[in-house]
Amino acid sequence: MLSFLDMVNHYLGYINVSVKIKNRIYVILGALGDLYLFYIAVRYLQNGHPFWGLLILLVAIILLYFAYLNTVYYFTNKKAPFDISPKIEKLLHMKPKEAEMDQPKRTLGGRNIPANGYFDEKKILPGKLTSTPLEQENIQHLATRLQQNQLLQMDYSGLGDREITEQTRQSGKPVYASGPGALIPYFEMQTENNQLVVYAGMNQAEKERVGVVSTVGLQNVADVRDQIELYLANATLVGGPFKVLGRTSVIEQANDFQVAVQLAYKHQDDATGQTGVGRATRESAATSRRARYDQAPQTENESEPMTRTSRYHH
């Protein structure tokens, strides 16, 4: 029995299902294993082994209590009475799972920096891509590649139907299986025929054209390109299947993936005048430093500094 449960638990690791559903399966398996311990304890007592029978019975009762806590936690929205989990967490200095999941992942000093580098968040605007049918196919192919490489999880952020129902009622918006989306591993923007064309893919070798930037902020790209320079700050894969609230429960609907982009901008004055002045100032300072150290001594008193060896010759 225990070997069977261990085998099921092992193969569950290969199934890509939501975290909550997997935890519910673990609770059921744990309850079955606990019932098996009760059976073993009864058999020991019947065969005249009270010590081992009572010991296994005590362990089974303790495990039954934790199975009850997990059942209430994963199958209902209620809080189990007589829950000693907070006391155990405090005693063992453990952190609740929710707190660990709520904390943002710290990368490179606390910021998730895309491959294109770091841009000032105050100088980033959302952009809009216009894609042809062929470019839409490229986006769907990119979504498939991201899922194959475990870079895009389609598990509704681990939410069950009950949580999705509550969220849709509060926000009135659909809940996407891809969650907030996935950062695309490689992306770049090129100027072609006076248009800003975006390429994206798993890497530079697999990049494909995914669309043309039509607007930045609330303005058309053609209206602002003579005033500011635009750079592709990041590109994220969003959209896909989603769930909305139906008459009795949530229903899932198919939907295409999209590429959401953000563009960093720099004024033309920053790229010409101000940058030129700053460069000239830095060059002037460097020249003065070189002149100060390279100039020849004018008098004997201004000759080269005295060293430990030379001072004995004066």
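Since the model is a prediction, treat every value here as computed from it, not as a measurement. The basis for the numbers below is simple: all heavy atoms, side chains too, and nothing from hydrogens, waters or symmetry mates.
Side-chain atoms of Thr215 never come within 3.5 Å of backbone atoms of Leu218 as a donor-acceptor pair (strictly under, hydrogens ignored). Checking side-chain atoms of Asn149 against main-chain N and O of Leu151 turns up no donor-acceptor pair under 3.5 Å. Of the possible polar contacts, one joining the Ser178 side chain to the Gly239 backbone as a donor-acceptor pair under 3.5 Å is found. The main-chain N or O of Leu245 is never found under 3.5 Å from a side-chain atom of Arg169 such that the two would form a donor-acceptor pair. Looking at Ser131, its side chain does come within 3.5 Å of a backbone N or O of Val210 through a donor-acceptor pair. Judged purely by atom type and a 3.5 angstrom limit, Gln140 has no side-chain atom pairing as donor or acceptor with the backbone of Glu137.
Between Phe75 and Asn70, the closest side-chain pair of non-hydrogen atoms is not below 4.5 Å. Proximity of Thr144 to Gln148: side-chain heavy atoms (C-beta onward) are separated by under 4.5 Å at one or more points. Counting heavy atoms from C-beta on, the side chains of Ile56 and Tyr44 come closer than 4.5 Å. Looking at Glu192 and Gln195, their side chains never come closer than 4.5 Å, going by heavy atoms from C-beta outward. Taking 4.5 Å as the limit, some side-chain heavy atom of Leu196 sits within range of a side-chain heavy atom of Thr191. Looking at heavy atoms from C-beta onward, Tyr36 lies out of side-chain contact with Leu32 at the 4.5 angstrom threshold. Annotation: side chain of Leu237 is in contact with side chain of Val259 (closest heavy-atom distance under 4.5 Å). Counting only heavy atoms from C-beta outward, the side chains of Ile40 and Arg43 never approach each other to under 4.5 Å.
With hydrophobic clusters built from ILVMFWY side chains whose heavy atoms lie under 4.5 angstrom apart, Tyr176 does not share a cluster with Val261. Cluster membership for Leu129 and Val212, using ILVMFWY side-chain heavy atoms within less than 4.5 angstrom, is not shared. Note on Met202: it clusters hydrophobically with Ile184, by side-chain heavy-atom contacts below 4.5 Å among ILVMFWY residues. Placement of Leu58 and Phe66 within a single hydrophobic cluster is found when ILVMFWY residues are connected by side-chain heavy-atom separations under 4.5 Å, directly or transitively. The cluster map of Ile, Leu, Val, Met, Phe, Trp and Tyr, joined by side-chain heavy atoms under 4.5 Å apart, puts Val216 and Met189 in the same cluster.
Note: Glu229 CD to Lys266 NZ = 5.5 Å, rounded to the nearest 0.5 Å. Note that the CG atom of Leu134 and the CD atom of Glu208 stand 8.5 Å from one another [nearest 0.5 Å]. One finds the CG atom of Leu57 at 6.0 Å from the CZ atom of Phe38 (value rounded to the nearest 0.5 Å). A distance of 14.0 Å separates NE2 of His49 from CG of Leu55, quoted to the nearest 0.5 Å. Rounding to the nearest 0.5 Å places CZ of Arg209 at 11.5 Å from CD1 of Ile139. In this structure, CD1 on Ile62 lies 11.0 Å from OH on Tyr65, to the nearest 0.5 angstrom.
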query = Going through the checks in order, is the side chain to side chain contact (heavy atoms under 4.5 Å, CB included) test met by Ile28 and Ile25?
reply = CA-CA 5 Å; Ile28 296 174; Ile25 297 175; 5.7 Å; no
task = Take Val198 and Val213 through the side chain to side chain contact (heavy atoms under 4.5 Å, CB included) test and state the conclusion after the steps.
result = CA-CA 7 Å; Val198 176; Val213 181; 3.6 Å; yes
inquiry  = Could you walk me through whether Val238 and Phe257 satisfy the side chain to side chain contact (heavy atoms under 4.5 Å, CB included) test, starting with their C-alpha distance in whole Å, then the side-chain angles of each, then the deciding distance to 0.1 Å, before giving a yes or no?
reply    = CA-CA 6 Å; Val238 297; Phe257 288 93; over 6 Å; no
inquiry  = Between Asp161 and Lys243, does the side chain to side chain contact (heavy atoms under 4.5 Å, CB included) criterion hold? Intermediate values first, please.
reply    = CA-CA 9 Å; Asp161 286 346; Lys243 287 186 178 181; 2.9 Å; yes
request  = Could you walk me through whether Gln167 and Tyr156 pass the side chain to side chain donor-acceptor pair (under 3.5 Å) test, one step at a time?
outcome  = CA-CA 12 Å; Gln167 185 171 333; Tyr156 290 93; over 6 Å; no
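Residue Gly240 comes nearest to Asn255 through the heavy atom pair O-CB, 3.0 Å, listed as atom of the first residue, atom of the second, then distance. A pairwise comparison of heavy atoms in Ala233 and Ala264 identifies CB-N, 4.1 Å as the closest pair. Between Ala41 and Gly53, the shortest heavy-atom contact is CB-O, 3.5 Å. Taking every heavy atom of both residues into account, Leu263 and Gly127 meet most closely at CD1-CA, 3.6 Å.
The number of heavy atoms from other shown groups lying within 6.0 Å of OH (Tyr199) is above 12. Enclosure of atom NZ in Lys128 is not indicated, since only 12 or fewer non-hydrogen atoms of other residues, nucleotides or ligands lie within 6.0 angstrom.
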